[in-house]
Engineer: 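Sharing a structure below in structure tokens format, with a few things to ask.
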Amino acid sequence: AGLLVSMGFVNKEQDSLLCKSLDIRVNQNDDLYFLNKMDIAQLINERGDSIINQPKATVNIVEIEEVLNSHENIANAKVFVTIDGKVKVEVKQRKPVLRIINRTGDSYYLDDEGTLMPLSDKYTAKVVVANGNIFESYAHYYKHSIKDLVKDVKTRKNTILDELYAIGTYINANPFWKAQIQQIYINEEKDMELVPLAGNHRIVFGDTTAMEEKFNKLLTFYQQGLNTTGWWNKYSTINLKFKNQIVCTKKI
């Protein structure tokens, strides 16, 4: 009985303990600067209180997490209160792998989880840009993930977002291609054309069928072909669509 009374007293003391500080951590790996500590503090304060000097028992952790996790630039947020009254907030920002500009000029990101993400007035991510004959709008697709889209056969046939996500993720994960490929253009035949940073040529990639094989084939051509001959500006197109061969078109 004495132990129970003591535990109850301790719990009451803990509940009445005032929150002393707000410790916010925002991941900024991969040079992500959509949000900083001040932004997160403002989002929390917009709930109508400052948290500081409030009793622990009155701090609604669940509500704060819901507010943060509903933000368009946050992938995940965790909030907890330590035994000494510090409110800890850990925020993981969403990570774009591709910026899409559709045919009407509507622009948005595609993140590493395969969901659409709006542009930010505060920060522009340094990712590959995809444009050309892309008809998908942010308003129509932002509630759907790529995983949801590919499950629906009808939707999969009518969208190129799954193809863009696949190649964007591949390029973003490879340091060489991330530095070399700066643009993906969707032509009239719905083929992907890659625009490299080095060399004045277009790479006709087709779709993502045998994607890794195509990139390996292109890398070999760069290393054993263009590097040895120095013909980086001799070709207008390098076509990877044909199996086991590369077809190049010379500039006129």
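Sequence positions, counted from 1, serve as the residue numbers for this chain.
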Engineer: Tell me the closest heavy-atom pair linking L68 and I74, and the distance in Å.
Structural biologist: O-CD1, 3.2 Å
Engineer: Of all residues at least two apart in sequence or in a different chain, which pass the side-chain contact (heavy atoms from CB on, under 4.5 Å) check with N36?
Structural biologist: Q28, M38, D39, K122
Engineer: If the condition is ring-ring contact (aromatic ring centres under 6.0 Å, His included), which residues does F205 pass it with, not counting sequence neighbours?
Structural biologist: F215
Engineer: With clusters defined by side-chain heavy atoms of hydrophobic residues (ILVMFWY) lying less than 4.5 Å apart, directly or transitively, does M117 cluster with Y33?
Structural biologist: yes
Engineer: Please list every donor-acceptor pair under 3.5 Å in which a side-chain atom of residues 188-198 meets a protein atom from a residue at least two apart or in another chain.
Structural biologist:
residue	atom	partner	partner atom	Å
K190	NZ	N133	O	3.0
D191	OD2	K241	NZ	2.7
E193	OE1	R202	NH1	2.6
E193	OE2	N187	ND2	2.9
E193	OE2	R202	NH1	3.1

Engineer: Looking at K234, I'd like to know if its NZ atom is crowded, meaning that more than 12 non-hydrogen atoms belonging to other residues, nucleotides or ligands lie closer than 6.0 Å.
Structural biologist: yes
Engineer: Do I100 and N131 come close enough that some side-chain heavy atom pair is under 4.5 Å?
Structural biologist: no
Engineer: For residues 203-218, which residue pairs qualify under side-chain hydrogen bond (donor to acceptor under 3.5 Å, both in side chains), counting only residues two or more places apart or in two chains?
Structural biologist: E163-T208, D207-T209
Engineer: Indicate yes or no: at least one non-hydrogen side-chain atom of E136 is less than 4.5 angstrom from one of I160.
Structural biologist: yes
Engineer: Is the closest side-chain heavy-atom distance between V127 and V97 below 4.5 Å?
Structural biologist: no
Engineer: Any idea which heavy atoms bring S145 and T115 closest together, and the distance?
Structural biologist: CB-CG2, 3.6 Å
Engineer: For R94 and D111, run salt bridge (Lys or Arg N to Asp or Glu O under 4.0 Å): C-alpha distance rounded to whole Å, both residues' side-chain angles, the deciding distance at 0.1 Å, then the answer.
Structural biologist: CA-CA 7 Å; R94 294 175 67 182; D111 74 6; 2.9 Å; yes
Engineer: Taking salt bridge (charged side-chain N to carboxylate O under 4.0 Å, His left out) as the test, write out the residues that go with D106, two or more places apart.
Structural biologist: none
Engineer: Under a 4.5 Å cut-off applied to non-hydrogen side-chain atoms, are V129 and I184 in contact?
Structural biologist: no
Engineer: Please find the pair of heavy atoms, one from L149 and one from H144, that lie closest to each other, and give the distance.
Structural biologist: CD2-CB, 4.1 Å
Engineer: Using the ring of each side chain (for Trp, its six-membered ring), is F34 parallel, tilted or perpendicular to Y109, with breaks at 30° and 60°?
Structural biologist: perpendicular
Engineer: Hydrophobic clusters here meaning ILVMFWY residues chained together by side-chain heavy-atom distances under 4.5 Å, can you tell me if V204 and Y222 are in one?
Structural biologist: no
Engineer: Does atom NZ of K251 have more than 12 heavy-atom neighbours, drawn from other residues, nucleotides or ligands, at distances under 6.0 Å?
Structural biologist: yes
Engineer: With sequence neighbours excluded, tell me which residues meet side-chain contact (heavy atoms from CB on, under 4.5 Å) with V87.
Structural biologist: C19, L22, I51, V79, V81, V89
Engineer: Any salt bridge linking K88 with D23? Criterion: basic side-chain nitrogen under 4.0 Å from a carboxylate oxygen.
Structural biologist: yes
Engineer: When hydrophobic residues are tied together by side-chain contacts of less than 4.5 Å, even through go-betweens, does F135 share a cluster with I101?
Structural biologist: no
